[in-house]
Protein chains: 2
Amino acid sequence: MFSIGELSRRTGVKVPTIRYYEQMGLIAADGRTTGNQRRFSQDGLERLSFIRHARDLGLPLESIRVLIEMDPQNHIESHRIAAAHLADIRDRIARLQRLETELVRISESCDGGEDCSVLTAFGDHEQCSGGH
Amino acid sequence: MFSIGELSRRTGVKVPTIRYYEQMGLIAADGRTTGNQRRFSQDGLERLSFIRHARDLGLPLESIRVLIEMDPQNHIESHRIAAAHLADIRDRIARLQRLETELVRISESCDGGEDCSVLTAFGDHEQCSGGH
DNA sequence: CTTGAACCTCTAGTTACTAGAGCAATTATG
DNA sequence: CATAATTGCTCTAGTAACTAGAGGTTCAAG
């Protein structure tokens, strides 16, 4: 049986975050001591590691909740979540790359004149090339 | 003079968002009608367009506030903000690309066996290659 | 048995908005 | 000019995923 601090040390998830996950119904303590402190089993440790890793992969808690409650033999649903997340990541990369291009242009636009053209470029959409 | 709705139509910023910006001190109405409705001048329109575009570029409101309050001749500060934001964007792109690689691996890991290995891969950090 | 670390609950703050309630003002139409 | 439709007002609360702090209790070591 692990205390919440022990669990935190083993998974790298901060103590208040574990309590937050419990509140969100993603994890449950196995029980409490007479003094009302949480005690977690090995199962809890594994569950939390799962959440931790999935969060590191950028999955929102809602998707994680679905994964947790899912039948492990349900291929379709887990593949769907993975594919949706991948598409989302790719979309975000594409958008950020467009911003990067734009920011490079803005950063290079200043010729050192009186008023800084970096500043005006931040506000002027006319100068933009790609659609953002 | 524009009503808040007119301003919204011309800039593409939603009405409640304009009020929110006002509350945050980023924009101010020129005054109010006798019936307490906001009226904005051309200046307000331009200010809001600036904010809109800077937000589209992904700048946080705090940076925008700094830009707005800045002397337009202050090259150093505007260049610094642009450079910091560019570095931030590049960092995010790099991290997302690492996630992309990982998710592709996870998506391809399933061989159709009893329990779906996409599901287990979400929880198992051991299988990961790059550091995330 | 005492002390200090770890634990408890609860509230509020973060970012950038969005949604809704309940009411007042403005504008368009008959 | 009266009425109806639209737009506006303020205020509160909700979103995601936590983090920080207050104020108090329990646990483990010596």
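Just so it is clear: chains get the letters A, B, ... in the order the sequence lines come, proteins before strands, and each one is counted from 1. All values below were derived from every heavy atom in this structure, side-chain atoms included, with hydrogens, water molecules and symmetry-related copies excluded.
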- Task: Look at Glu77(A) together with Arg80(A) and state whether they make a salt bridge at an N to O cut-off of under 4.0 Å.
- Result: yes
- Item | DNA chain D: 5'-proximal contact among Thr34(A) and Tyr20(A) (nearest heavy atom) | Tyr20(A)
- Task: Would you mind telling me which of dT18(C), dA16(C), dT9(C) lies closest to the side-chain atoms of Leu61(B)?
- Result: dA16(C)
- Query: Separation of Arg39(A) atom CZ from dC27(D) atom C1', in whole Å?
  - Reply: 8 Å
- Mind calculating the distance between CD (Glu6(B)) and P (dT6(D)) to the nearest angstrom? 17 Å
- Message: The side chain of Arg38(B) is closest to which nucleotide in this list: dT19(D), dT26(C), dC9(D)?
- Response: dC9(D)
- Nucleotide nearest Arg32(B) when distance is taken to its side chain, options dC9(D), dC7(C), dC17(C): dC9(D)
- Message: For a quick test of reading the model: is some side-chain N or O of Thr33(B) closer than 4.0 Å to OP1 or OP2 of dG8(D)?
- Response: no
- Query: Is there a chain of hydrophobic side chains (I, L, V, M, F, W, Y, each step under 4.5 Å between heavy atoms) that links Met1(B) to Ile4(B)?
  - Reply: no
- Query: Do any side-chain nitrogens or oxygens of Arg19(A) fall under 4.0 Å of OP1 or OP2 in dC8(C)?
  - Reply: yes
- Note on the structure: Closest to the side chain of Pro16(A), out of dT18(C), dT19(D), dT9(C), is dT19(D)
- Message: Starting from Met70(B), can I reach Met24(B) by hopping between I/L/V/M/F/W/Y residues whose side chains sit under 4.5 Å apart?
- Response: yes
- Message: Please pick, from dC8(C), dC9(D), dC18(D), the nucleotide with the shortest atom-to-atom distance to any side-chain atom of Gln37(B).
- Response: dC9(D)
- Nearest to the side chain of Ser3(A) - dC17(C), dA17(D), dC7(C)? dC7(C)
- Verify salt bridge (charged side-chain N to carboxylate O under 4.0 Å, His left out) between Asp88(A) and Arg92(A), making sure each step is shown before the conclusion. CA-CA 6 Å; Asp88(A) 180 53; Arg92(A) 280 201 261 166; 3.3 Å; yes
- Query: Of all the nucleotides listed (dC18(D), dT19(D), dC17(C)), which has the minimum atom distance to the side chain of Arg55(A)?
  - Reply: dC18(D)
- Among dC17(C), dC18(D), dC8(C), find the nucleotide with the atom closest to the side chain of Ile4(A). dC8(C)
- Message: Nearest whole Å is fine: how far is dT15(D) P from Gln23(A) CD?
- Response: 12 Å
- Query: Under 4.0 Å between a side-chain N or O of Tyr21(B) and OP1 or OP2 of dA16(C)?
  - Reply: no
- Of the listed nucleotides dT18(C), dT27(C), dC8(C), the one nearest the side chain of Lys14(B): dT18(C)
- Task: Verify the neighbour count for atom CD of Glu69(B): are there more than 12 heavy atoms of other residues, nucleotides or ligands below 6.0 Å?
- Result: yes
- Could you pick out which residue, Leu59(B) or Val15(A), lies toward the 5' side of DNA chain C when each is mapped onto its nearest nucleotide? Val15(A)
